[in-house]
There are 2 protein chains.
Amino acid sequence: MGKRKENSTNMQNEKVIIGGCDLTYAVCMIGGRWKLLILCKLENGKLRFSELRNRINGITERMLTLQLRELEKEGLLKRTVYPEVPPRVDYELTEIAKELVPIWSQLSDWGGKHRKLMNTPYVG
Amino acid sequence: MGKRKENSTNMQNEKVIIGGCDLTYAVCMIGGRWKLLILCKLENGKLRFSELRNRINGITERMLTLQLRELEKEGLLKRTVYPEVPPRVDYELTEIAKELVPIWSQLSDWGGKHRKLMNTPYVG
DNA sequence: TATGGTACGAACAAATTTGTAAGTAATGGG
DNA sequence: CCCATTACTTACAAATTTGTTCGTACCATA
């Protein structure tokens, strides 16, 4: 993301809400457009930047970079840079991120159920 | 929210992601700034508009209305209007929304744990 | 010397979400 | 007639997120 204004009402509200609700706090961490997709790709192990880019349809390098940076800052993934040329960097889930996996799967099931209920097509 | 441009890249990306990932789909439904707060307040039963407004610190009537409308459209809550004057309207969780509750509680626990790990203060 | 691959960064623009400040309808009570 | 109450709506503005288009460093290889 870009920088945020420290004292906007928007920012203040976010702080207050996140500060007082673990649930909203948790959902905010994974709320970016591409974050869950990235995390899911990493469920089975490390991937490098270009592998992520290639597996995620439609993401731009900028977006991938931004979301990776945030996830790293939030402690959800670990970035490893290898001193090689051309550069090689890979990403993997942290322990705390791995603890989310079973919860995701429940949420995902719920999503599938809700989708059927609402008759929203799944385009796998 | 306001109307969205039907064919922006933004919109297209969202469609594709949501269409192909039940998890992202699920998280999107509860992703609005105030949505989880609203849903949480309704965990123990119906509340009317003004009760929600009074229980949620900092929300404006406009935001409350917007988020309620979306949640209703998404099938997460049921709106009941009583033909009285002054108007009376109340909101309650739908069955499918109630099924989220146990998942929330896990997510919330995770959030609390993560918060400690990151040393982010909880301001209850 | 020119080229190519990798993982970004910067400047800018468009889209979307959130917030501000009003105003509305209907009706009972004074 | 005037006012209060409730659950909104509308027009507008500010903030934030997302997307587009470039450009960079590094060194091995041709």
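Chain naming here is simple, since letters A, B, ... match the order of the sequence lines and numbering starts at 1 in each. The analysis underlying the following values was restricted to heavy atoms, covering all of them including side chains, and did not include hydrogens, waters or symmetry mates. Keep in mind it's a predicted model, so treat the numbers as computed, not measured.
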Looking at A/R62, I'd like to know whether one of its side-chain N or O atoms comes within less than 4.0 Å of OP1 or OP2 on C/dC12.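 Looking at the OP1 and OP2 atoms of C/dC12, neither is under 4.0 Å from any side-chain N or O of A/R62.
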Base, sugar-phosphate alone, or nothing: which one does [X] contact when heavy atoms must sit under 4.0 Å apart?
X	result
A/R48	sugar-phosphate
B/Y91	sugar-phosphate
A/E6	nothing
B/T9	sugar-phosphate

Under the 3.5 angstrom rule, does the side chain of B/H114 hit a backbone N or O of A/D22 as a donor-acceptor pair?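 Not at all, since once roles are kept as given, no pair shorter than 3.5 Å links the two residues.
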Lys NZ or Arg CZ of A/R115 over B/Y25 ring: under 6.0 Å, within 45°: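 Verdict for B/Y25: a cation-pi partner in A/R115.
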Heavy-atom nearest nucleotide on DNA chain D for A/V85 versus A/S8: which residue maps closer to 5'?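 Comparing both residues, the 5'-ward one is A/S8.
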Within the 4.5 Å heavy-atom criterion, are A/W110 and B/M29 side-chain neighbours or not?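 Sidechains of B/M29 and A/W110: in contact.
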Would A/K78 and A/E95 count as a salt bridge (charged side-chain N to carboxylate O under 4.0 Å, His left out) here? Give the steps. CA-CA 10 Å; A/K78 180 166 176 292; A/E95 287 311 309; over 6 Å; no
Assign each of B/P86 and B/N10 to its nearest nucleotide of DNA chain C by heavy atoms, then name whichever residue's nucleotide is nearer the 5' end.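 Comparing both residues, the 5'-ward one is B/N10.
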Assuming nearest nucleotide by heavy-atom distance, tell me which of B/P87 and A/F49 is located more 5' along DNA chain C.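 Nearer the 5' end of the strand: A/F49.
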Please report the distance, rounded to the nearest Å, between CD in B/E51 and P in D/dT6.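 In whole Å, D/dT6 P and B/E51 CD are 11 Å from each other.
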